[in-house]
J.: 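The structure under discussion is supplied below as structure tokens; questions concerning it will follow.
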Amino acid sequence: MKQYDHKKIEKKWPDSAKATTGKQVEYNHKKIEKKWQEKWQQDNLYQTSDFSSKPKCFVLDMFPYPSGEGLHVGHPKGYIATDVYSRMKTMQGFNVLHPMGFDAFGLPAENYALKNKIHPRVAVEKNIARYKKQLEMIGFNYDWDREINTTDPEYYKWTQWIFLQMFKKGLAYESFAPINWCPSCQTGLANEDLEDGRCERCSSEIEKRPMRQWVLKITDYADRLLQDLDLLDWPKHIKESQKNWIGRSEGALIKFPLIDSFKYEVEVFTTRPDTIFGATFLAVSPELAKTWFLMNWEASVEVKDYIDQTLKDRAKQTLKDNPEKTGINSGLLAKNPASGENIPVWITNYVLGDVGTGAIMAVPAHDDRDFEFATKYNLKVQEVVIPNRIDITNPPVAGKKSVVRSNVHAIVRNSITGKILCLNWLKHPWVTFPMGGVEEGEDIESAARREVLEETGYKNLKLIKILGGQVRAEYFAAHKDENRIAFTQAVMFDLENEDRDEVKTEESEAHEVIWLEREKIKYPYIAHSELNDWLSRWDDDKKVFIGEGVLVNSGQFNDLNSVEAQEKIVEFVGGKKTTTYKLKDWVFSRQRYWGEPIPIIHCVKCGVVPVPEKDLPVKLPEVEHYEPTGTGESPLANITDWVNTTCPVCGGEAKRETNTMPQWAGSSWYYLRYMDPKNKQTLVDPLKEKYWAPVDVYVGGTEHATRHLIYARFWHKFLYDIGVVSTLEPFARIGKSLGLILGEDGKKMSKRFGNVVNPDEVVALYGADTLRVYEMFMGPFDGEISWSTDSMIGSRRFLEKVWRLQSKIDINNQADNAEVLVLVHQTIKKVGEDIESFSFNTAISSLMILVNKLETLDKINLEIYQILLKILAPFAPHVTEEIWQNNNFGQESITLSSWPSFDGDKLSSDEITIIIQINGKLREKIVVGKDLPDGELLSKVKTLPKVQTALEGKVIEKEIVVKNRLVNFVIV
RNA sequence: GCCCGGGUGGCGGAAUUGGUAUACGCGCACGACUUAAAAUCGUGUCUCGCAAGGGAUGCGGGUUCGAUUCCCGCCCCGGGCACCA
């Protein structure tokens with residue numbers, strides 16, 4: 001394959017290229033881009049003013065975490081998108097806020113500093129400077145006066161302030177429960193920081209460690225976080241992730257009293273109260289069982305040992321493991337509040353202490369895990385819900401009497417041919433298995449054998465298996481003129497030999513015996529609506545029915561639909577409808593140096609005391625050593641000057657809290673600070689907040705779907721509750737999530753794979769405008785796409801074409817080319833709509849189509865060329881600015897010009913191409929005037945030679961005309 | 001296992017209130033310019049067929065005058081959750 005020689009391309013744009021009057025100047029991005037970037041800066045072109053008569057638009061990027069490696073070409077993709085979007089919005093007359101800042105606290109920065117033996121503060125400053133330089137090269141329209149940095153004490157003062165407000169409301173609390181501990185990062189982590197039971201940063205296996213932690217009560221907001229997703233214009237998959245993460249499940253709390261001298265009621269949480277009659281034992285977590293010791297439960301030694309051992313194993317086991325289910329009979333009996341039966345209480349490792357109530361009612365017939373356990377320990381399995389099928393080909397007929405029957409289906413297989421024995425009914429359009437009613441006192445297998453013998457004469461059958469429990473079905477039995485409600489079981493046999501008795505005449509007159517291939521055995525060809533149930537049980541022995549159905553063996557609730565029965569049963573057993581969540585409170589302290597100090601003081605006398613607001617910020621002390629201690633204490637604990645303080649309440653001896661906040665603290669509210677970045681009195685001025693909030697468009701990667709985006713929503717809702725912000729949600733819209741740019745090899749761009757492409761090189765080679773156009777054109781914004789420096793040439797060629805069109809401008813050209821005019825209006829419309837919907841790739845494609853068209857003309861109307869420049873400007877601000885100003889198209893920057901509008905009447909031309917189809921196949925095209933009446937169109941079309949040949953000697957059954965689009969002749 | 005999203009040329013991809021499938025770009029081939037090459041410009045580029053015409057949007061059915069688009073059943077890929085009761 002031929003490779004472009006980039007060095008040679010570069011020679012084409014030497015730095016020395018000079019403008020010559022009257023002559024075409026070469027497009028030299030090196031000269032143009034730097035010049036305009038400096039000029040824009042000088043003119044404060046991108047300074048945003050608070051308040052304006054214009055409508056506001058807040059466009060936000062997820063701010064970067066400045067790593068030591070600098071930017072690769074994947075990073076700017078999202079920034080380019082918001083830049084394009086915000087530039088268009090500015091031209092459309094909005095007062096746009098498009099800020100940038102840096103999120104720099106946390107482990108990556110600290111680890112980088114440790115590795116390179118420089119102080120994190122110094123490292124962060126250096127990295128930020130590098131990032132800013134790289135960003136500036138691409139020509140973004142940020143208002144750098146509003147830059148923020150989460151590690152700036154003037155910023156984190158307010159992060160600490162929010163924490164204090166939460167503390168005051170009881171939403172920040174100390175916990176001593178076991179938490180996730182990363183032995184490599186030497187810190188506790190939140191649930192959100194894990195990936196498959198490993199540390200999301202370093203992939204170490206996580207241990208459970210009991211230790212003192214600050215925790216934020218995000219669970220108080222679980223329901224609102226879930227509900228208010230409906231208010232958001234976000235991509236489906238992000239909402240979906242949040243939904244899954246919050247993990248709401250509705251069910252009921254039901255009490256099972258113990259029948260024992262140990263008086264206690266075991267409360268269980270279940271999502272399936274309808275199955276309670278099938279609850280044949282209770283399964284209790286060892287964590288819960290252990291608490292019973294405190295209530296004077298006299299357990300046997302074996303039981304105590306089991307509990308201790310299981311708890312020990314659990315501490316060691318990684319979160320991902322699904323160990324073999326074990327358990328022990330506690331010796332206790334509980335009363336099933338629905339059936340009244342006494343059922344055993346088992347202590348098991350498959351019930352978790354921190355989910356629900358730590359105990360479940362086990363329904364082995366309708367839950368895979370309970371079934372597995374019951375099978376292992378030989379516990380009773382009681383079926384209480386069965387599938388309910390209505391025969392759609394033979395539905396019950398209204399007004400006919402209904403008969404309830406107990407039925408059997410016999411599935412007989414010829415063990416040599418594999419074919420299945422069926423009956424072809426002679427007076428009805430049915431094919432069925434041998435079948436019939438089960439007689440009083442008859443077992444299911446005998447009934448099946450009897451039916452096979454009576455109906456087909458075969459007598460030597462070997463039982464293979466009974467296909468699970470009953471299935472309820474409703475159908476109309478035409479041969480008996482009655483509706484049936486049949487409770488049916490199926491029995492499978494192998495035919496041992498062909499020995500066969502004579503069958504009665506009435507049977508042989510009703511149906512003939514046929515043998516069918518297994519592939520033929522499908523509903524509705526086989527007229528049993530239960531068939532799919534049989535088929536799914538056919539090869540699969542373990543069959544637990546977890547679906548919706550009809551209740552059986554459930555006393556007064558029999559025959560009820562299982563979903564409808566839920567509420568009634570909860571009421572019957574005195575249970576309580578309730579809701580649980582997977583979301584856990586946010587473990588908020590880290591035992592590391594580089595984070596916001598938690599503004600709390602521990603006083604010997606007064607206990608936990610918040611730092612008074614006037615003393616904020618609690619600054620991170622300057623230290624020599626900031627390595628993690630590994631003891632579960634933060635490195636700050638060793639800085640005695642800093643740690644030792646006086647209690648703000650009693651003035652006595654006190655120590656500062658030494659844990660720091662997690663990386664996600666600063667980013668949970670940063671968008672608010674952009675509205676008012678320098679305010680010393682308050683987090684954000686309420687008037688400014690009211691003006692700018694909410695963020696109109698937010699852009700960033702999917703990896704933040706369940707952390708940053710949940711945390712920020714949580715903090716925002718809290719700030720709403722205490723009156724700091726005025727909107728329910730922080731980010732109204734996430735247009736599309738940002739798809740990664742992979743390396744040319746299809747792998748994630750990383751130093752490790754040696755596939756990193758640096759934007760500096762690419763900008764030097766092709767220019768920032770080409771980079772911007774290319775990244776937007778590569779593919780759909782939310783798609784994951786491999787980088788290709790070779791493919792960039794297309795975007796460069798496009799900009800060069802635009803550049804060359806300058807020579808064709810003709811002020812006297814009257815723009816009377818109707819075709820071009822239509823295209824221009826279509827392009828204005830499409831580019832505007834596509835940028836709005838983040839479909840940048842198709843916006844550029846339509847710009848290319850316009851440019852290709854203009855290139856075919858000898859002269860270009862000035863106005864049309866200006867329109868082209870304007871709608872291209874958001875993508876390629878430098879080159880369009882250069883052309884704009886060089887030709888004196890305006891006194892000011894093209895950025896300050898207004899977005900062109902399109903004329904709805906000019907979106908289609910007066911001449912329309914109509915396609916002509918014969919039987920739906922394209923046969924001919926014709927150009928006619930717009931809105932030509934159907935009759936005229938048809939007669940015109942029929943004169944076309946191709947149409948005439950096609951229609952010759954044929955009868956036209958139908959003529960379909962779709963206005964301004966097509967004619968279709970249906971012929972025989 | 002449950003829940004989302006997706007499958008279209010050699011490649012990135014376009015087109016869905018059902019109406020010309022493969023826009024735009026890359027690549028490739030040929031041609032023009034050039035001593036030559038690069039760049040640039042032009043032409044061609046789903047597939048079978050000389051043509052007429054046929055076939056193709058993961059697979060199999062269905063609805064329709066007409067299906068990439070809607071319905072049913074599968075297969076595969078990506079993602080979220082997961083002993084969550």
Side-chain angles (χ1 to χ4, degrees), chain A residues 1-5 8-9 11-12 196 235-249 251 268-272 275 283 285 319-325 348-352 354-363 366-370 372-373 522 532 546 580-584 702 705-706 737 773-774 777-780 782-788 790-795 797-798 800-801 804 839 841-849 851-852 855 913-925 949 956-960 962 964-971:
Chain A
M1 197 216 286
K2 195 179 80 189
Q3 292 281 323
Y4 269 93
D5 185 338
K8 276 189 183 163
I9 294 170
K11 277 192 194 141
K12 226 193 119 206
D196 287 336
K236 229 175 176 170
H237 72 275
I238 299 185
K239 288 194 187 186
E240 184 67 21
S241 295
Q242 295 218 344
K243 220 180 243 176
N244 284 339
W245 190 260
I246 294 166
R248 180 188 155 104
S249 70
V268 304
F269 175 76
T270 177
T271 56
R272 292 293 303 271
T275 63
S285 64
L319 298 174
K320 188 66 193 164
D321 288 347
N322 244 355
E324 153 124 33
K325 291 179 177 50
T348 76
N349 68 341
Y350 82 94
V351 176
L352 305 177
D354 57 353
V355 176
T357 61
I360 62 166
M361 62 177 212
V363 185
H366 304 292
D367 182 284
D368 287 319
R369 296 149 301 176
D370 297 342
E372 188 188 330
F373 188 81
K522 275 186 184 156
N532 287 333
I546 43 182
T580 62
Y581 300 91
K582 188 196 92 83
L583 183 72
K584 295 280 177 290
T702 326
T706 51
S737 61
V773 169
Y774 175 61
F777 182 63
M778 286 174 87
D782 51 5
E784 202 170 78
I785 301 168
S786 296
W787 178 262
S788 163
D790 285 346
S791 295
M792 278 185 83
I793 190 71
S795 301
R797 282 177 188 150
F798 164 63
E800 284 178 18
K801 282 185 198 174
R804 281 199 304 269
S839 308
N841 56 332
T842 48
I844 290 176
S845 148
S846 66
L847 283 164
M848 285 172 168
I849 292 169
V851 167
N852 289 346
E855 225 190 5
T913 304
I914 302 285
I915 60 162
I916 297 147
Q917 299 180 333
I918 310 284
N919 287 341
K921 289 209 191 280
L922 178 70
R923 279 296 176 274
E924 182 59 300
K925 295 175 193 175
T949 9
I956 301 177
E957 258 191 5
K958 223 171 173 185
E959 290 170 346
I960 292 148
V962 180
N964 291 332
R965 236 184 234 277
L966 66 78
V967 175
N968 186 15
F969 295 103
V970 184
I971 60 172

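Predicted, not measured: the structure shown is a model, and the values here were computed from it.
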J.: Could you tell me whether Pro235(A) contacts a base, only the sugar-phosphate backbone, or nothing, with contacts defined as non-hydrogen atoms closer than 4.0 Å?
T.: nothing
J.: Is G9(B) syn or is it anti, if syn means the base angle is within 90 degrees of 0?
T.: syn
J.: Quick one: which of A14(B), U20(B), G53(B) gets closest to the side chain of Arg923(A)?
T.: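 Looking only at heavy atoms from C-beta outward on Arg923(A), the closest nucleotide is G53(B).
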J.: How many Å lie between CD1 on Ile785(A) and C1' on G78(B), as a whole number?
T.: 14 Å
J.: Choose from C65(B), U20(B), A85(B) the nucleotide whose nearest atom is closest to any side-chain atom of Ile360(A).
T.: A85(B)
J.: Whole-Å distance between U64(B) P and Glu957(A) CD?
T.: 13 Å
J.: Which part of the nucleic acid, if any, lies within reach of Asn968(A) when heavy atoms closer than 4.0 Å are counted: base, sugar-phosphate only, or nothing?
T.: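 The answer is base, as Asn968(A) lies within the cut-off (heavy atoms under 4.0 Å) of a base atom.
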J.: Taking pairing as Watson-Crick or G-U wobble with both contacts under 3.5 Å, can you name the mate of G25(B), or confirm there isn't one?
T.: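 Answer to the pairing question: C11(B), which forms a Watson-Crick or G-U pair with G25(B).
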J.: Within the structure shown, what part of the strands sits under 4.0 Å from Val351(A) by heavy-atom distance: base, sugar-phosphate, or nothing?
T.: base
J.: Got a second to check how far Ile971(A)'s CD1 is from Glu957(A)'s CD, nearest 0.5 Å?
T.: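 Output value for this atom pair is 10.0 Å.
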J.: Go nucleotide by nucleotide along RNA chain B from the 5' end; which of Gln917(A) and Val970(A) gets its closest nucleotide reached first?
T.: Gln917(A)
J.: Can a donor-acceptor pair be found between the side chains of Lys801(A) and Asn852(A) at a distance below 3.5 Å?
T.: yes
J.: Would you find a donor on one side and an acceptor on the other, under 3.5 Å apart, between the side chain of Arg272(A) and the backbone of Ile546(A)?
T.: yes
J.: Can you tell which of G25(B), C4(B), C41(B) lies closest to the side chain of Glu240(A)?
T.: C4(B)
J.: Between the base of C83(B) and the side chain of Lys325(A), is one N or O donor paired with an acceptor at under 3.5 angstrom?
T.: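 Donor-acceptor pair under 3.5 Å: yes.
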J.: Just to confirm, is there a sub-4.0 Å distance from OP1 or OP2 of G13(B) to any side-chain nitrogen or oxygen of Ser845(A)?
T.: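 Ser845(A) to G13(B) OP1/OP2: no side-chain N or O under 4.0 Å.
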J.: Between Lys236(A) and G5(B), is there a side-chain N or O to OP1/OP2 distance below 4.0 Å?
T.: yes
J.: Rounded off to whole Å, could you give me the CG-to-P distance for the Asn349(A) and A85(B) pair?
T.: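 My rounded result for the distance is 18 Å.
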J.: Which one, G80(B), G25(B), G19(B), comes nearest to the side chain of Phe777(A)?
T.: G25(B)
J.: So what does Arg248(A) touch, heavy atoms closer than 4.0 Å: a base, only the sugar-phosphate, or nothing?
T.: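 No contact.
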J.: How close or far is atom P of A21(B) from atom CG of Leu922(A), stated in whole angstroms?
T.: 6 Å
J.: Looking at A14(B), I'd like to know if its phosphate oxygens (OP1 or OP2) sit under 4.0 Å from a side-chain N or O belonging to Asn841(A).
T.: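 Asn841(A) to A14(B) OP1/OP2: side-chain N or O found under 4.0 Å.
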J.: Decide if atom NZ of Lys243(A) counts as having more than 12 heavy atoms of other residues, nucleotides or ligands within a radius under 6.0 Å.
T.: no
J.: Which word best sums up how the rings of Phe373(A) and Tyr350(A) line up, parallel for under 30°, tilted for 30 to 60°, or perpendicular for over 60°?
T.: tilted
J.: Can you tell me the base-pairing partner of U64(B)? Count Watson-Crick or G-U wobble geometry only, both distances below 3.5 Å, and say none if there is no partner.
T.: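 The base-pairing partner of U64(B), which may sit in any strand shown, does not exist here.
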J.: Identify, between Thr271(A) and Trp245(A), the residue whose nearest nucleotide on RNA chain B lies closer to the 5' end.
T.: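 Result: Trp245(A).
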J.: Whether Lys921(A) contacts G55(B) is assessed here as follows: a side-chain N or O lying under 4.0 Å from the phosphate OP1 or OP2. Is that the case?
T.: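 For Lys921(A), the contact criterion (side-chain N or O under 4.0 Å from OP1 or OP2 of G55(B)) is met.
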J.: Is any side-chain N or O of Asn852(A) closer than 4.0 Å to OP1 or OP2 of A23(B)?
T.: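 Answer is no, no contact under 4.0 Å.
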J.: Using a heavy-atom cut-off of 4.0 Å across all strands, would you classify Ile849(A) as base, sugar-phosphate, or nothing?
T.: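 The answer is sugar-phosphate, as Ile849(A) gets under 4.0 Å only of primed atoms, P, OP1 or OP2.
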J.: Using OP1 and OP2 only, check whether a side-chain N or O of Arg797(A) sits under 4.0 Å from A39(B).
T.: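 Indeed not, no polar side-chain atom of Arg797(A) lies that close.
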